[in-house]
Amino acid sequence: MDIKVILLTIAVSFLLAVLLGPLFIPLLRRLKFGQQIREEGPQSHQKKKGTPTMGGIIILLAILLSFLRFSDKTGDFWVLLVAALGFGLVGFLDDYIKIVFKRSLGLTARQKLFGQLLFGIIVCVLLYRTDHSTAISVPGTDWSFDLGWFYYVFVIIIMFATSNSVNFTDGLDGLLAGTSAIAFGAYTIIAMRMTEHESAVFSAAMVGAVLGFLIFNRHPAKVFMGDSGSLAIGGGLAAVAILTKTELLLIVIGGVFVIEMLSVIIQVTSFKLRGKRIFKMSPIHHHYELSGWSEWRVVVTFWTAGLVLAGLGLALAKAM
């Protein structure tokens with residue numbers, strides 16, 4: 001695979017995000033598309049109220065334009081496009097409802113689940129039509145096993161879990177943009193090793209887009225990506241793992257997202273069963289904030305953890 005194409009994809013996507021930022025941020029501000037902050041959240045976040053959100057549109061446009069330019073538009077192209085844009089649409093509707101009705105919560109849990117399920121099923125249909133393998137490989141080994149028809153249920157579970165765990169991670173300035181850039185960077189390398197052109201180009205486009213967005217989203221953030229960005233990133237990440245047949249490896253490379261989701265599950269379960277909280281607040285990045293860590297310290301620590309896990313994932317992928 002031509003590394004020049006990958007580097008050019010990253011550069012173009014990055015440049016598009018950087019150019020789109022100054023155009024969209026003032027527009028979002030004029031439309032009063034400001035973030036609603038939960039009252040029960042950290043009090044330090046109340047000053048962020050009104051910061052333009054739905055910046056995920058910037059990411060999606062940068063990805064779409066660069067991906068259209070450098071992809072080969074094979075069957076994998078449509079899987080990646082549906083995963084990113086479909087889940088991004090669900091997030092867009094969620095953001096829009098939050099803004100229009102001035103609520104910190106948008107779509108109901110059932111509505112969001114239905115949207116994610118719908119696009120997950122479409123992805124499964126596309127995979128079936130391209131004769132995508134239903135076998136699962138165990139990271140770091142040459143073992144694999146075929147799930148048969150259950151594989152498509154597994155795909156929907158992966159997409160649902162990944163999109164929501166990524167969504168949970170989007171809670172601090174630059175946190176998700178940085179960790180997702182690291183995860184997609186690892187998958188760019190993996191896809192290139194496997195000569196999976198579409199997945200490599202898509203991952204590269206995502207790296208460039210989120211890094212370009214990070215310029216405006218770093219602390220103190222001038223714009224938030226919202227669910228339109230986080231759900232699109234999660235859907236795209238799951239699709240790349242599925243297409244590169246590294247579904248289980250995603251647990252390692254996306255380890256930060258897994259930890260974020262587990263912290264929510266543990267917190268909710270403990271409170272319902274025991275009436276006690278394990279963390280000061282979940283997702284876990286808020287726990288560290290309430291423990292006295294600065295927002296920047298939490299973000300850098302999580303970025304570092306993401307780098308370590310991505311390195312481990314690359315080592316395991318090489319052994320597969």
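Considering CG of Asp170 and OG1 of Thr53, their distance stands at 8.0 Å, rounded to 0.5 Å. Interatomic distance, CG of Leu273 versus OG1 of Thr269, reported as 6.0 Å (0.5 Å rounding). Here the straight-line distance linking atom CD1 of Ile59 with atom CZ of Phe213 works out to 5.0 Å at 0.5 Å rounding. Atom OG of Ser230 sits about 6.5 Å away from atom CG of Leu176, to the nearest 0.5 Å. Between Thr169 atom OG1 and Ile233 atom CD1 the span is 10.0 Å, to the nearest 0.5 Å. Separation of atoms CG (Leu117) and CD1 (Ile122) is listed at 10.0 Å; rounding is to 0.5 Å.
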Give the table of side-chain donor-acceptor pairs shorter than 3.5 Å for residues 251-267, with sequence neighbours excluded, one pair per line with atom names and distance.
| from | atom 1 | to | atom 2 | distance (Å) |
| --- | --- | --- | --- | --- |
| Glu260 | OE1 | Ile284 | N | 3.4 |
| Glu260 | OE1 | His285 | ND1 | 3.1 |
| Glu260 | OE2 | His285 | ND1 | 2.8 |
| Ser263 | OG | Glu260 | O | 2.6 |
| Ser263 | OG | Ile284 | N | 3.1 |
| Gln267 | OE1 | Ile278 | N | 3.0 |
| Gln267 | OE1 | Phe279 | N | 2.9 |
| Gln267 | NE2 | Phe279 | O | 2.9 |

Please report, to 0.1 Å, the donor-acceptor pairs under 3.5 Å made by any side chain of residues 64-75, with sequence neighbours excluded.
| from | atom 1 | to | atom 2 | distance (Å) |
| --- | --- | --- | --- | --- |
| Ser66 | OG | Ala62 | O | 2.8 |
| Ser66 | OG | Ile63 | O | 3.2 |
| Ser71 | OG | Phe67 | O | 2.7 |
| Lys73 | NZ | Leu68 | O | 2.6 |
| Thr74 | OG1 | Glu198 | OE2 | 3.2 |

Using residues 10-21 as the side-chain source, report each donor-acceptor pair under 3.5 Å to any protein atom, sequence neighbours left out, with the distance given to one decimal.
| from | atom 1 | to | atom 2 | distance (Å) |
| --- | --- | --- | --- | --- |
| Ser13 | OG | Ala205 | O | 2.6 |
| Ser13 | OG | Ala209 | N | 3.1 |

Which donor-acceptor pairs under 3.5 Å do side chains of residues 242-249 form with protein atoms, sequence neighbours excluded?
| from | atom 1 | to | atom 2 | distance (Å) |
| --- | --- | --- | --- | --- |
| Thr244 | OG1 | Val240 | O | 2.8 |
| Thr244 | OG1 | Ala241 | O | 3.3 |
| Thr244 | OG1 | Thr246 | OG1 | 2.8 |
| Lys245 | NZ | Ser133 | O | 2.9 |
| Lys245 | NZ | Ala135 | O | 2.8 |
| Lys245 | NZ | Tyr151 | OH | 3.1 |
| Lys245 | NZ | Glu247 | OE2 | 2.8 |
| Thr246 | OG1 | Tyr187 | OH | 3.2 |
| Thr246 | OG1 | Ala241 | O | 3.4 |
| Glu247 | OE2 | Tyr151 | OH | 2.6 |

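Leu7 is linked by a side chain to side chain contact (heavy atoms under 4.5 Å, CB included) to Ile3, counting only residues two or more places apart in sequence or in another chain. In terms of the side chain to side chain contact (heavy atoms under 4.5 Å, CB included) criterion, Ala161 has no residue partners (sequence neighbours excluded).
Counting only residues at least two apart or in different chains, side-chain hydrogen bond (donor to acceptor under 3.5 Å, both in side chains) contacts with residues 307-320 are absent. Here salt bridge (charged side-chain N to carboxylate O under 4.0 Å, His left out) pairs that include residues 141-156, with residues two or more places apart or in two chains, number zero. Note on residues 300-317: no pairs pass side-chain hydrogen bond (donor to acceptor under 3.5 Å, both in side chains), not counting sequence neighbours. Among residue pairs with one or both ends in residues 211-228, those qualifying as salt bridge (charged side-chain N to carboxylate O under 4.0 Å, His left out) are Lys98-Asp227, Lys112-Asp227; sequence neighbours excluded. Screening residues 186-195 for salt bridge (charged side-chain N to carboxylate O under 4.0 Å, His left out) gives no qualifying pairs among residues at least two apart or on separate chains. Applying the salt bridge (charged side-chain N to carboxylate O under 4.0 Å, His left out) test to pairs two or more places apart or on separate chains, none has a residue in residues 262-277.
The two atoms that bring Ser228 and Asp95 nearest to each other are N-OD2, 2.8 Å, heavy atoms only. Pairing each heavy atom of Met159 with each of Ala83, the nearest pair is CE-CB, 3.6 Å. Residues Gly185 and Val207 approach most closely at N-CG2, 3.5 Å, considering heavy atoms. Across all non-hydrogen atoms, the minimal contact from Val155 to Cys124 is CG1-SG, 3.8 Å. Of all the heavy atoms in Pro52 and Leu28, the pair that sits closest is CB-CB, 3.9 Å. Contact record, Ala238 with Leu250: CA-CD2, 4.2 Å, taken as the closest heavy-atom pair.
Leu127 and Val125 are assigned to two separate hydrophobic clusters, defined by single-linkage of ILVMFWY side chains at heavy-atom distances under 4.5 Å. The hydrophobic clustering, which links ILVMFWY residues whose side-chain heavy atoms are closer than 4.5 Å, places Leu118 and Ile121 apart. Both Ile58 and Leu89 are assigned to one and the same hydrophobic cluster, defined by single-linkage of ILVMFWY side chains at heavy-atom distances under 4.5 Å. Following chains of ILVMFWY side-chain contacts shorter than 4.5 Å, one can reach Trp296 starting from Leu172, so the two form part of one hydrophobic cluster. Cluster membership check: Tyr128 shares its hydrophobic cluster with Phe77, using side-chain heavy-atom separations under 4.5 Å among Ile, Leu, Val, Met, Phe, Trp and Tyr.
Taking 4.5 Å as the limit, every side-chain heavy atom of Val79 sits out of range of all side-chain heavy atoms of His132. Between Gln116 and Leu231, the closest side-chain pair of non-hydrogen atoms falls below 4.5 Å. Thr134 is not listed as a side-chain neighbour of Trp149, based on a closest heavy-atom distance of 4.5 Å or more. The shortest distance between side-chain heavy atoms of Leu27 and Leu31 falls below 4.5 Å. With a 4.5 Å cut-off on side-chain heavy atoms, Ile190 and Leu314 count as touching. Within the 4.5 Å cutoff, the side chain of Phe184 has no heavy atoms near those of the Val210 side chain. Counting heavy atoms from C-beta on, the side chains of Met192 and Ile6 come closer than 4.5 Å.
Checking side-chain atoms of Asp173 against main-chain N and O of Ala221 turns up a donor-acceptor pair under 3.5 Å. Side chain of Asp94 to main chain of Leu107: a donor-acceptor pair is present (N/O by atom type, distance under 3.5 Å, no hydrogens or angles). Between the side chain of His287 and the backbone N or O of Lys280 there is at least one donor-acceptor pair closer than 3.5 Å.
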request  = Please test Phe160 against Leu113 for side-chain contact (heavy atoms from CB on, under 4.5 Å), starting from the C-alpha separation and ending with a verdict.
outcome  = CA-CA 8 Å; Phe160 178 79; Leu113 174 61; 3.3 Å; yes
Test Ile136 against Phe154 for side-chain contact (heavy atoms from CB on, under 4.5 Å), laying out the working first. CA-CA 10 Å; Ile136 297 291; Phe154 183 60; 3.3 Å; yes
(message) For a side-chain contact (heavy atoms from CB on, under 4.5 Å) check, start with the C-alpha distance between Ser180 and Met206, then their side-chain angles and the critical distance, and finish with the verdict.
(response) CA-CA 8 Å; Ser180 61; Met206 188 68 83; 5.8 Å; no
Exercise. Does the pair Leu8 and Lys4 meet the rule for a side-chain contact (heavy atoms from CB on, under 4.5 Å), with working shown?
Worked result: CA-CA 6 Å; Leu8 192 57; Lys4 290 182 181 179; over 6 Å; no
